[in-house]
4 protein chains.
Amino acid sequence: MSKKEDIMMATLDLIHEEGLQSVTFAKLFKRANVGSGTIYNYFANKEDLVNEVYKESRTHMGEYLLQGYDAHASLYERFKCLQMNRLRFGMHFPKKFLFIDSYSFSPYISTELRNTDDGYNSSKTVQDLIVDGQRQGIIKEMDSHLCHQLIHGIISSILKGYYVNKYPLNEEQIRQMIESAWKAILV
Amino acid sequence: MSKKEDIMMATLDLIHEEGLQSVTFAKLFKRANVGSGTIYNYFANKEDLVNEVYKESRTHMGEYLLQGYDAHASLYERFKCLQMNRLRFGMHFPKKFLFIDSYSFSPYISTELRNTDDGYNSSKTVQDLIVDGQRQGIIKEMDSHLCHQLIHGIISSILKGYYVNKYPLNEEQIRQMIESAWKAILV
Amino acid sequence: MSKKEDIMMATLDLIHEEGLQSVTFAKLFKRANVGSGTIYNYFANKEDLVNEVYKESRTHMGEYLLQGYDAHASLYERFKCLQMNRLRFGMHFPKKFLFIDSYSFSPYISTELRNTDDGYNSSKTVQDLIVDGQRQGIIKEMDSHLCHQLIHGIISSILKGYYVNKYPLNEEQIRQMIESAWKAILV
Amino acid sequence: MSKKEDIMMATLDLIHEEGLQSVTFAKLFKRANVGSGTIYNYFANKEDLVNEVYKESRTHMGEYLLQGYDAHASLYERFKCLQMNRLRFGMHFPKKFLFIDSYSFSPYISTELRNTDDGYNSSKTVQDLIVDGQRQGIIKEMDSHLCHQLIHGIISSILKGYYVNKYPLNEEQIRQMIESAWKAILV
DNA sequence: CATGAATGAGTTTTCATTCAT
DNA sequence: TATGAATGAAAACTCATTCAT
């Protein structure tokens with residue numbers, strides 16, 4: 001793995017373990033096994049580093065969300081695919097998921113960065129799905145962003161419960177959860 | 001207003017504007033219009049100050065949640081009252097709500113404080129409601145703390161979108177969201 | 001003496017001893033007997049500190065040059081007064097004189113700072129003297145700034161010889177040097 | 001041009017633009033368009049590089065000073081030739097002149113290098129001229145090195161004013177300055 | 001010879017905290 | 001109580017130099 005990746009991974013690890021505010025360069029270098037100057041070959045400063053990690057996480061999640069997505073499948077199939085992917089991403093990459101969740105609305109992440117496209121248009125895909133569902137009279141009429149945020153909140157809460165080991169999430173339970181989220185936005 | 005209150009308000013303001021990790025005492029003293037030594041008359045150190053602000057915010061929210069609560073109303077009425085209060089608290093006191101939401105799990109907030117009662121038993125009230133609903137077979141069977149977290153997560157997610165101006169939140173939309181959160185926990 | 005003065009003096013000393021480029025804050029703090037953070041209560045950074053020292057030196061010299069100056073004395077008397085003061089300043093404050101001499105034309109000192117008034121109009125007094133002398137037909141016709149610079153170069157060279165102990169400078173010798181400089185600009 | 005020359009030129013340029021103390025290898029490599037390791041094929045380290053540039057500048061000036069010098073001309077003619085060459089060198093090669101002037105006494109330039117012959121005996125030529133003039137009773141009695149320094153100081157001072165655009169230096173003014181410098185060392 | 005990624009010692013800078021007033 | 005100058009440990013950052021390719 002490249003030094004740059006080492007550093008980004010160590011950053012994500014440390015943020016997960018101790019929170020952004022207690023990530024110091026000293027800890028970072030030790031964890032990433034690089035010399036103290038090395039980071040400056042790749043990142044201008046700490047803020048830049050964190051932003052890069054954020055961007056990479058967002059891009060990764062954006063890509064992950066669309067895995068196996070079939071635009072011609074039924075509404076529920078499409079919903080299920082997207083939200084299962086979201087859930088699975090959170091299960092496999094808890095550090096990235098939590099980092100995105102925690103910092104997307106913090107002042108540390110600039111507005112423009114927050115609103116930046118993740119390169120996979122996953123956000124637009126979800127929006128389209130919602131609008132489509134509303135047109136068909138299946139999904140409740142409401143601001144599509146609001147609806148998106150609602151779904152995200154549900155999935156996100158489920159994951160947080162999973163993270164603290166409140167319950168296991170096997171295939172059957174995942175299915176139940178997705179269904180539960182689906183019900184929340186039906187007319 | 002007392003010096004102590006000045007300091008706590010300035011702390012909350014700065015955390016909201018720049019994030020906990022970039023709140024320095026220098027900024028704090030300037031904003032609160034007090035001398036740099038003054039804080040040590042009221043707080044043992046920075047961590048203590050932040051914990052005090054956290055405690056005050058939690059107490060405030062706890063009190064707010066129970067406004068107009070009628071223990072004898074129907075299950076849904078009680079749910080609606082509590083969650084509407086939660087949503088309204090978030091709308092009226094964004095700094096406090098976000099601070100609680102963002103830092104409840106940060107290492108900066110001591111564990112004992114995080115689990116402490118807010119002085120209004122609002123937490124217990126919500127738990128009781130959930131257990132009651134499950135006993136009646138209306139609310140899905142799951143750990144009651146987890147269920148509480150699920151509801152909080154939904155409301156929180158919606159508020160965050162609102163904070164960054166993704167959408168407005170009028171009476172109609174508030175009603176919809178409470179309903180959706182309700183549906184999400186039904187059997 | 002104030003901490004600020006301690007720091008400025010130590011700065012001047014170190015620049016004199018080792019040159020600007022090898023003045024580090026570590027040396028500075030040790031020499032000035034202050035804590036490492038203290039400097040930042042007075043100066044924004046190293047450049048700011050050096051500029052302040054430069055300004056103070058210039059102001060001091062500007063004030064010194066006009067000591068005992070009588071605008072109604074004869075041309076030569078006035079010339080003698082100004083240049084003797086210049087020479088005496090250099091003899092009593094070698095560090096300041098050399099610092100001004102070395103850094104006035106270095107890229108470290110911004111053009112605007114170099115051209116800044118020293119607060120005593122000593123520069124203008126010299127210019128006026130030259131123009132007056134030229135009007136009277138005593139001083140050679142030439143650009144007055146050029147003439148000023150010429151005189152400065154002579155005095156400055158004499159001082160540098162003095163600094164390296166090439167000769168003593170008693171009253172009689174000072175008189176001779178001033179006379180020598182005077183001859184250099186006569187018609 | 002060879003890599004070595006590229007590096008030396010870039011060094012001189014950067015010293016002129018920002019001062020020795022802020023010339024970093026990073027800037028140097030970029031300016032000279034070479035890889036960061038390349039310099040170590042030609043110079044042992046930074047100090048060595050700067051000393052090489054210094055030596056080259058001194059040699060160039062030494063050669064320049066003797067242009068058109070006629071050992072059999074009159075004392076004043078010889079003086080004029082040498083000092084005009086000095087002035088013209090400064091006008092045509094400001095970077096080299098200033099570098100020599102500014103850093104001759106800096107701790108960065110090794111003492112032995114500073115006192116080293118420039119390869120053209122220009123220094124000895126000036127010394128001889130002075131001693132000759134003193135023997136003839138034309139030039140003031142003083143240490144010949146000091147006299148040399150006095151003359152250099154005058155020329156240098158004039159050039160510095162010229163560099164910062166205080167005044168132009170045309171043929172007439174050059175002639176005047178040489179004459180003034182001459183007068184300054186007469187008995 | 002030429003390169004540039006990696007390094008870590010050294011430097012600058014920050015900032016919570018103390019303490020004399 | 002209220003202050004703010006002074007502090008120094010810790011943090012961020014720089015940069016000459018090395019070395020594998």
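Below, chain A is the first sequence line, B the second, and so on; all start at residue 1.
Relative orientation of the C:Phe29 and C:Phe25 rings is perpendicular, given thresholds of 30° and 60° on the angle between their planes.
The residue among B:Val23 and C:Asn45 whose nearest nucleotide of DNA chain E is located toward the 5' end is C:Asn45. Between C:Ile39 and A:Gly37, the residue whose closest nucleotide on DNA chain F is further toward the 5' end is C:Ile39. Map D:Thr24 and B:Ser36 each onto its nearest nucleotide of DNA chain F; the residue landing nearer the 5' end is B:Ser36. Annotation: of the two residues near DNA chain E, A:Gly35 and B:Tyr40, the 5′-most nearest-nucleotide partner is A:Gly35.
With rounding to whole Å, C:Gln21 atom CD is found 14 Å from E:dT11 atom C1'. Taking atom CG of A:Leu49 as the reference point, atom C1' of F:dC13 lies 14 Å away to the nearest angstrom. For the pair A:Lys3 NZ and F:dA20 P, the computed distance is 14 Å after rounding to whole Å. Regarding A:Asn41, its CG atom lies at a distance of 13 Å from the C1' atom of F:dA16, rounded to whole Å. Residue D:Leu14 contributes atom CG, which lies 15 Å from atom C1' of F:dC15 at whole-angstrom precision. Regarding C:Phe29, its CZ atom lies at a distance of 11 Å from the P atom of F:dG8, rounded to whole Å. Atom NZ of A:Lys4 and atom C1' of E:dG4 are 16 Å apart (whole Å). The distance between atom CG of C:Leu28 and atom P of E:dT13, rounded to the nearest whole Å, is 12 Å.
At most 12 heavy atoms of other shown residues, nucleotides or ligands fall within 6.0 angstrom of atom NZ in B:Lys55.
Side-chain contact between C:Gln21 and C:Tyr108 is absent, with no heavy-atom pair separated by less than 4.5 Å. Side-chain contact between D:Glu17 and D:Lys27: absent, with no pair of heavy atoms (C-beta onward) separated by less than 4.5 Å.
When each of A:Asn45, A:Val34, A:Leu28 is tested with A:Ile39 by the rule side chain to side chain contact (heavy atoms under 4.5 Å, CB included), just one qualifies, namely A:Leu28.
The phosphate of E:dT12 has OP1 or OP2 within less than 4.0 Å of a side-chain N or O from C:Lys46. Note on B:Lys27: every side-chain N or O is 4.0 Å or more away from OP1 and OP2 of E:dC15.
Residue contacts shown for D:Tyr42 are limited to sugar-phosphate atoms, with no base heavy atom under 4.0 Å away.
In summary, the aromatic rings of B:His152 and B:Phe97 are positioned with their centroids under 6.0 Å apart.
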For DNA chain F, the dot-bracket notation using Watson-Crick and G-U wobble pairs below 3.5 Å, [ ] for pseudoknot-type crossings and | for other-strand pairs, is .||||||||||||||||||||

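Comparing E:dT3, F:dA2, E:dT13 by their closest approach to the side chain of C:Phe25 singles out E:dT13. Among the nucleotides F:dT7, E:dT12, F:dT17, the one closest to any side-chain atom of C:Thr38 is F:dT7.
Formation of a donor-acceptor pair under 3.5 Å by the C:Arg114 side chain with backbone atoms of C:Ser104 is found in this model.
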